[in-house]
Amino acid sequence: MTSKDTILEALRANSPAPLERGPLGFTPMTFEDPLAEFRERVVKAAAARCFLLEEGRAASDAVAAIVRRTYPDAKRIASSLPEAAACATFNPDELKDPRSLAGTDIAIVRGAFGVAENGAVWIPRTFRHKALLFIPEALVILLDRTQIVCTMHEAYSREDFDTYDFGSFIAGPSKTADIEQALVIGAHGPRDVSVILL
Amino acid sequence: MSTHSKAAEAFIADSERTAWHNRALWFVREKRDRMARSIPEWEALRDAAAHTKMHTITHLAYYLEMFERNAVANGIHVHWAKDAQEHNETVYRILSEHGARHLIKSKSMLSEECGLTPYLEERGIEAVESDLGERIMQLMHRPPSHIVLPAIHVKREEVGELFERELGTEHGNSDPTYLTHAARKHLREKFLHADAAMTGVNFAVASSGAFTVCTNEGNADMGTSFPKLHIAIMGLEKVIPDYDALALYTRLLARSATGQHSTTYTTHYKRPVEGQEIHVIIVDNGRSRILANPAHLNMLRCLRCGSCMNTCPVYRRSGGYSYSYFIPGPLGINLGMLASPKLYSGNVSACSLCMSCSNVCPVKIDLGEQIYLWRQQLDSLGLANPVKKGIVKVLNTALRNPGMFHFCVRAGRLGEKIAPRGLLYCGANAWGRDRELPKFTSRTFEQIWKEELSSTAAGSPETVPEDSSTNI
């Protein structure tokens, strides 16, 4: 008998009477203005920056202006997005080995939607190397401002949610409090995150 | 004296450090409370999370098979391990098949449970912990003292000295930001050179064949970004039905664990990407046995958030190393008893039965109530403390016999007046070791009852004298 069979047999033999799933039993919280709530939590809860893109200006120029103003020292800027065309210095999808991304100052990626209750952005992989989200010194996330959900319930109920191969809800920069509960930004991943709402 | 109180003596000898440890954990507990109050449906969320876990636990075989079927369809390799040994052998076999020598790990209590790191090191494989707290403990050659905050008991100065020795940081610099960034640099090299990555699994979503790993540091994400091989290990209770269930747990986990609305990274792995391989190992190691134990079955709901430790007055003031099981606090007391009452019964006394753990648990596990149950079973398990057992026997005889009871009360009053302190607080009086004995009252309750209360109380209970509450 394989280990799988042994385990499943033990689980079936030992299982208590089946309990039905039952209804959710509550109505999840909603916000009057999910976008305002999201913007506040991105800054306060996730410790990231949040920008509303100026209207009436080419997205590419507006993104470049924010990136240059916020990260004046950045030299290696990775992105394959059209909105980042005016500031990206290389296309990360052309690199074969993700290790070549070491030394990247900024990556500019697209988020699918934001979650108002925790300030996280869902970023399914739409680029070649997932390292792009974690190895740069700063991560810039472009997000359509109409794509904000209130809670995680709403997030996981989106029709197209399960279409990713790899994806992450990212709430701000990498952080730790492992030394005496003192919050330190920049543990292993990006030290700085900006969400730009298009 | 229990193994816990003996071990705790060393910890509490430094009262300033005890107070500091207590404050650090209470700080986390307070953050958790603020989060809970910010969600109007918090209690209903806990109810739904508990119920959904119970539903899953009573359908484990069904959901595990569903998870495997969908994960395999996604291109993930799924392995099953009956126990710790088979788990370790499976990890080693997969690593060997890929010629991997350098494993980068993100925190997993299952790996601690199975003793994986020493097993691999004996076989010449470098296994590096990448969570900052875990890395500190690994460099100190000590186990974690908390399941979410592994180095919560270590002071910044100690980390400074350790990093000066191990990573060459500046002498005397114990600034957390400086030290964290030194570790970032040191571990970045490890991330880039590892040829295999290991993560735990927070939730395995049966309906989709995907699994989720939650971290704040991004260490699991960095770890799995470069090597071809990713091994994810999970206790079989980590499976959940679907994304509706996942919504409940992602809303509760970080808020309960560290008082954040969410972890920085809630990462979902569904299909291996470009040339990578993902292997998931589903581990039993005694979990299917817990399923057959109706009194303690609830332990299988646990999310490993650590909130029961942060709130526990005994854990906060005695530290993780006072417990003999590798998981401390209310969770560890219970899991230790399920693993082996004989080895770990010394922890069940580390509980004041305040039930705070049961009240903060995001999946409403009755942790305190279960500890109380274990205590009642100690005698039948042959593990009762013989001194306490003797005292209870004597009390039993005295309390059943009014004559002897009255004699004991008189003797006690007399002893209180004339016996030397050294005799009253001798070794046999465990209760008096850290406490002053209460004074005998001038009248017993029986005397008060007979002289003042019996006539009124017997006829009409509502006419109990107004000041009666002061006698309770």
Side-chain angles (χ1 to χ4, degrees), chain A residues 2-4 6-8 10-12 14-22 24-29 41 45 98-99 102 117-120 125 128-131 133-135 151-153 155-156 161-162 164-172 174-176 178-182 184 186-189, chain B residues 24 27 39-41 44-45 47-48 51 54-55 58-61 80-82 86 132-133 136 149 151 155-156 159 176-177 179-181 184 187 192 208 216-219 221-222 225-226 236 243-244 246-247 250-251 261-262 264-271 273-274 284 288 291-292 294 297:
Chain A
T2 64
S3 294
K4 176 186 167 182
T6 311
I7 293 168
L8 290 175
L11 289 176
R12 289 202 181 92
N14 295 348
S15 184
L19 184 71
E20 286 310 305
R21 182 81 177 265
L24 186 60
F26 64 90
T27 310
M29 65 204 284
R41 303 246 172 144
R99 291 175 181 86
E117 73 162 319
N118 54 26
R125 191 183 70 97
R128 186 172 180 184
H129 304 293
K130 61 188 160 86
L133 295 176
F134 312 113
I135 201 168
T151 62
M152 295 303 288
H153 302 287
Y156 286 123
F161 181 81
D162 203 22
Y164 65 93
D165 56 24
F166 170 91
S168 188
F169 284 97
I170 296 187
S174 156
K175 42 185 104 62
T176 186
D178 272 351
I179 301 174
E180 281 199 16
Q181 280 299 294
V184 178
H188 299 299
Chain B
F27 173 67
I39 309 293
E41 66 267 29
L45 190 58
D47 281 329
H51 185 89
M54 280 317 280
H55 162 75
T58 60
H59 295 81
L60 270 175
W80 301 72
K82 289 191 294 286
E86 191 176 11
L132 176 61
I136 290 170
L149 318 162
K155 292 211 162 191
R156 63 179 72 190
V159 180
T177 303
L179 295 173
T180 299
H181 290 156
R184 172 188 174 97
L187 282 162
L192 291 171
S208 169
N216 275 322
E217 298 184 4
N219 56 314
D221 306 283
M222 277 294 279
S225 282
F226 307 105
L236 54 78
Y243 287 113
D244 287 343
L246 185 56
T250 50
R251 293 191 77 196
H261 283 292
S262 80
T264 302
Y265 302 100
T266 305
T267 298
H268 296 50
Y269 296 87
K270 192 168 138 197
R271 270 186 282 271
V273 299
E274 200 180 305
D284 183 343
S288 60
L291 198 59
L297 164 75

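Each chain gets a letter, A, B and so on, in the order the sequences are listed, and its residues count up from 1. These values consider heavy atoms only, across backbone and side chains, with no hydrogens, waters or symmetry-generated copies.
Closest approach of B:Ser288 to A:Ala10, counting heavy atoms only: OG-CB, 3.7 Å.
Between B:Glu41 and A:Met29, the closest side-chain pair of non-hydrogen atoms falls below 4.5 Å. Between A:Leu133 and B:Asp221, the closest side-chain pair of non-hydrogen atoms is not below 4.5 Å. Using a 4.5 Å heavy-atom cutoff, the side chains of B:Asn219 and A:Thr176 are not in contact. Side chains of A:Gln181 and B:Leu149 form a contact here, defined as non-hydrogen atoms less than 4.5 Å apart. Considering only heavy atoms from C-beta on, B:His55 stays 4.5 Å or farther from A:Glu20 through its side chain.
With values rounded to the nearest 0.5 angstrom, A:Phe166 atom CZ is found 13.5 Å from B:Arg271 atom CZ. One finds the OG1 atom of B:Thr250 at 4.5 Å from the OH atom of A:Tyr156 (value rounded to the nearest 0.5 Å). From A:Asn118, atom CG reaches atom CZ of B:Arg251 across 9.0 Å, with rounding to the nearest 0.5 Å.
Only the backbone of A:Ala17 comes within less than 4.5 Å of a heavy atom of chain B; no side-chain atom from C-beta onward does. Proximity to chain B is limited to the side chain of A:Thr6, based on heavy atoms less than 4.5 angstrom apart. The part of B:His181 that comes within reach of chain A is its side chain, from C-beta onward, which places non-hydrogen atoms under 4.5 angstrom from that chain. Contacts of A:Thr27 with chain B are made by backbone atoms alone, with heavy-atom separations under 4.5 Å and no side-chain atom involved. Contact annotation for B:Leu45: both backbone and side-chain heavy atoms come within less than 4.5 Å of a heavy atom of chain A. With a 4.5 angstrom heavy-atom cutoff, B:Leu187 touches chain A only via side-chain atoms.
Using a distance-only test at 3.5 Å, with no hydrogens or angles considered, no donor-acceptor pair links the side chain of B:Glu274 to the main chain of A:His129. Distance alone, capped at 3.5 Å, places no donor-acceptor pair between the A:Arg21 side chain and the B:His51 backbone. In this structure a side-chain-to-backbone donor-acceptor pair under 3.5 Å is missing from A:Asn14 to B:Leu291. With hydrogens and angles disregarded, a donor-acceptor distance shorter than 3.5 Å links the side chain of A:Ser174 to the backbone of B:Glu217. Panel note: side chain B:Lys270, backbone A:Asp162; a donor-acceptor pair is recorded below 3.5 Å.
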Item to complete: Verify side chain to side chain contact (heavy atoms under 4.5 Å, CB included) between A:Val184 and B:Leu132, making sure each step is shown before the conclusion.
Response: CA-CA 11 Å; A:Val184 178; B:Leu132 176 61; over 6 Å; no
Worksheet item: Please walk me through it: do A:Ile135 and B:Phe226 pass side chain to side chain contact (heavy atoms under 4.5 Å, CB included)?
Response: CA-CA 10 Å; A:Ile135 201 168; B:Phe226 307 105; 3.5 Å; yes
Worksheet entry | B:Trp80 and A:Leu8: CA distance, side-chain angles, deciding distance, side chain to side chain contact (heavy atoms under 4.5 Å, CB included) verdict | CA-CA 10 Å; B:Trp80 301 72; A:Leu8 290 175; 4.0 Å; yes
Worksheet item: What do the steps show when you test B:Ile39 against A:Thr151 for side chain to side chain contact (heavy atoms under 4.5 Å, CB included), and what is the final call?
Response: CA-CA 11 Å; B:Ile39 309 293; A:Thr151 62; over 6 Å; no
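A centroid separation of 6.0 Å or more is found between the aromatic rings of A:His188 and B:Tyr265.
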